[in-house]
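These numbers come from the heavy atoms of this one structure, side chains and all, not from hydrogens, waters or symmetry mates. What you see is a predicted model, and the numbers here were worked out from it, not measured in a lab.
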Amino acid sequence: MIRTREAGTLRVVDEREQVLLAGWVARRRDHGGVAFIDLRDSSGVVQVVIRDASIAEELRAEYCLKVVGEVARRPEGNENPDLPTGDIEVLATEIEILNRSDPLPFPVDEHLSVGEDARLRHRYLDLRREGPGHAIRLRSRVNRVAREVLYDLDFVEIETPTLTRATPEGARDFLVPARLQPGSWYALPQSPQLFKQLLMVAGMERYFQIARCYRDEDFRADRQPEFTQLDIEMSFVDQADVIGVGEAVISACWREIGHEIPLPIPHLTYADAMARYGTDKPDLRFGQELTELTSFFADTSFRVFQAPYVGAVVMPGGASQTRKQLDGWQDWAKQRGAKGLAYVLVGDDGELSGPVAKNLSEKERAGLAGRVGAAAGDCIFFAAGEASSARLLLGAARLEIGRRCELIDTTQWSFVWVVDAPVFEATSKAQDSGDVAVGAGAWTAVHHAFTSPKPEWIDSFEKDPAAALSEAYDLVCNGNEIGGGSIRIHRRDLQERVFAMMGVSIEEQREKFGFLLDAFAYGAPPHGGIAFGWDRVCALLAGVDSIREVIAFPKAASGVDPLTGAPAPITEAQRAEAGVDAEPIEPDEATETYAPKDRATG
RNA sequence: GGUCCCGUGGAGCAGUUCGGAGUGCUCGUCGCCCUGUCAAGGCGAAGGUCGCGGGUUCAAAUCCCGUCGGGACCGCCA
């Protein structure tokens, strides 16, 4: 046995106990005749007293040690109230160096800031630090809590393939060459969506998985090419059932950090969220709701406001901004693809000023501040144009106002379910970007192609696709979408109609999703589920800004792992063997890879 | 695909606006001293192609162009 006790657990009651400790030198304080080292293991630190100067002199930061000694109460007045072990110390009788350490690339020290690049290159050192290590340990606890909740509810944990079939939905796939089928490729799953639905057909009834997912898209602070979902699917349930399970899981996770979420979590419709906050993931920790002014300006002579939608958001105290700051908002808006951000300043005397004000009629000027809820000294920002883009801009402005004016109470947790999202959205923008939208139709799925329309729309969504609502629900926390799900389509005919709406031909349906449609033909049960963005959930719980903090070995924005250097070139031999360069087969033949009997091409 | 920010001894920064000697700060490293510290302290020392390439200039860390790397955002991510 290398150690008998963990360093951070020693207390006064252990006085006079002979202990064997093992850990790292966190810090050395050498006084010549006596030296102190803080010995750190995963449980914490304890002070070790070394009387032999020749031994102490040799020790350096992060040396890995075995310490034999006796626990002793510290001399009167030398206690350290900042440490859990601060009342005692270990009088070393023997020190064995288990391993030496080179000088460190950065200090393994809590109170110093270190660049992220250096941290990730030496992540094994970074994780020795309390903060980074704590985030990873917290994630483990959160995983356990979620599993416990779901096991208690009779869920079955099932692993699904990570080498699977490319489907044309959603994001770009990561592809893996199939050595045994040269020219054919596996795809890494963007989510276990199709498999979990098949598991419902398989009668598993309650499935969950902490599932690794892969999407080959550009990075953000909250996006990695491989990420984790807590994936849940249930049979014979309605929306309220799934939401109930989601709340059980999430409330248990937040209880783990000592926060009790008031249940049930309130609901907000998608339409309300867009109208009041300009986003489908509103941060409800502050107000500054958008005001729609389309009717208010219905008869305006100001051409900019003669638009299908005019809206506003108020910046409290914004009238005192300098010209430079107001110009800054214009740049800010242009960066978001807008022409600019019109504004009106409300003077201390209530008089309106700014470039827009003189274009407004007497009546408009008189009623404006009251209509948008602006007080003297405020700034009113406007957006006019198509409702969707104008609200997007105002929603972003609202968040920026919240940040700049420090309106957000960062100690609060605000949860909300956003429900009743549309089934479809127009694909005009998706088409521009190329090949990622499902199908070639004018409509694409807001949630995904397997989301059921609400019962009242099932027979009629083709008549008014823009208005049809879906049985979908997103959970939003502090302005982050942390989970989303839906009641699924479980009837083959309905699934085929939804695909058709999105312009997916029967042939393509057979080719890409034939296995799912076939499964639905055998008594598929009604089912639905939810998936949580587990990295983001853990990041929120850990109180960190980036999901990289809750991933043991995250990748940089270029997709490179700074530690291993992956991805890396392959050898000629690997290349030849992998089948990367196999001649592509004809598309018609490719169709055969699924179901030759059902070929209906040409 | 686009916009912006950053790159200066091992770490974190300042210096760049307005060109004038590799100048400065905190930490670390190495050596010596030190018997009660706990982010120990004192004295001393080493350590830099200022990311890289080109240009302007008598002179470039500083200005210009390009490029590489890191980060944030827009697009994209059902």
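- At the heavy-atom level, E76(A) lies nowhere under 4.0 Å from the strands shown.
- Within a 6.0 Å radius of CD in E15(A), other residues, nucleotides and ligands contribute more than 12 heavy atoms.
- Under 4.0 angstrom from either OP1 or OP2 of rG71(B) there lies no side-chain N or O belonging to R220(A).
- In this structure, G115(A) reaches the sugar-phosphate backbone alone: every heavy-atom distance under 4.0 Å involves primed, P, OP1 or OP2 atoms, never a base.
- Aromatic pair F513(A)/F450(A): centroids less than 6.0 angstrom apart.
- Summarising the base pairing, rC32(B) is matched to rG42(B) through a Watson-Crick or G-U wobble pair whose two defining distances lie under 3.5 Å.
- Nucleotides rG7(B) and rG44(B) place their C1' atoms 32 Å apart, quoted to the nearest Å.
- For the P atoms, the distance from rU56(B) to rU62(B) is 15 Å, rounded to whole Å.
- With both ends at atom C1', the span from rG15(B) to rU8(B) equals 9 Å, rounded to whole Å.
- Distance check on atom C1': rC76(B) versus rG1(B) gives 10 Å, rounded to whole Å.
- Separation of the C1' atoms belonging to rU16(B) and rC5(B) is 15 Å when rounded to the nearest angstrom.
- Residue Q335(A) is the one, among V560(A) and Q335(A), whose nearest nucleotide of RNA chain B lies closer to the 5' end (criterion: closest heavy atom).
- Distance, K555(A) NZ to rG69(B) C1': 18 Å, rounded to whole Å.
- Comparing the P positions of rC27(B) and rG66(B) gives an interatomic distance of 41 Å, to the nearest angstrom.
- Under the side chain to side chain contact (heavy atoms under 4.5 Å, CB included) test applied with L59(A), the options V48(A), D30(A), I97(A) reduce to a single match, I97(A).
- Of the nucleotides present, rC27(B) is the one that pairs with rG10(B) by Watson-Crick or G-U wobble criteria, both distances under 3.5 Å.
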Quiz item: What is the per-nucleotide protein-contact pattern of nucleotides 28-36 of chain B, from the 5' end, where B denotes a base atom under 4.0 Å from a protein heavy atom, S denotes such proximity for sugar-phosphate atoms only, and - denotes neither?
Solution: --SS--BBB
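- Spacing of P atoms, rC64(B) relative to rU26(B), comes out at 32 Å, to the nearest Å.
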Quiz item: Can F515(A) and L198(A) be said to form a side-chain contact (heavy atoms from CB on, under 4.5 Å), step by step?
Solution: CA-CA 9 Å; F515(A) 59 93; L198(A) 293 172; 4.0 Å; yes
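- In this structure rU17(B) sits in no base pair that meets the Watson-Crick or G-U test at under 3.5 Å.
- Side-chain contact between D535(A) and I551(A) is present, with at least one heavy-atom pair separated by less than 4.5 Å.
- The base-pairing partner of rU37(B), taking Watson-Crick or G-U wobble contacts with both distances under 3.5 Å, does not exist among the strands shown.
- Regarding contacts with the backbone of rG69(B), every side-chain N or O of S558(A) stays at 4.0 angstrom or more from both OP1 and OP2.
- To the nearest whole angstrom, the two P atoms, one in rC32(B) and one in rG19(B), are 48 Å apart.
- Here R548(A) lies in heavy-atom contact (under 4.0 Å) with sugar-phosphate atoms only.
- When ring centroids are compared, W329(A) and F381(A) come within the 6.0 Å threshold.
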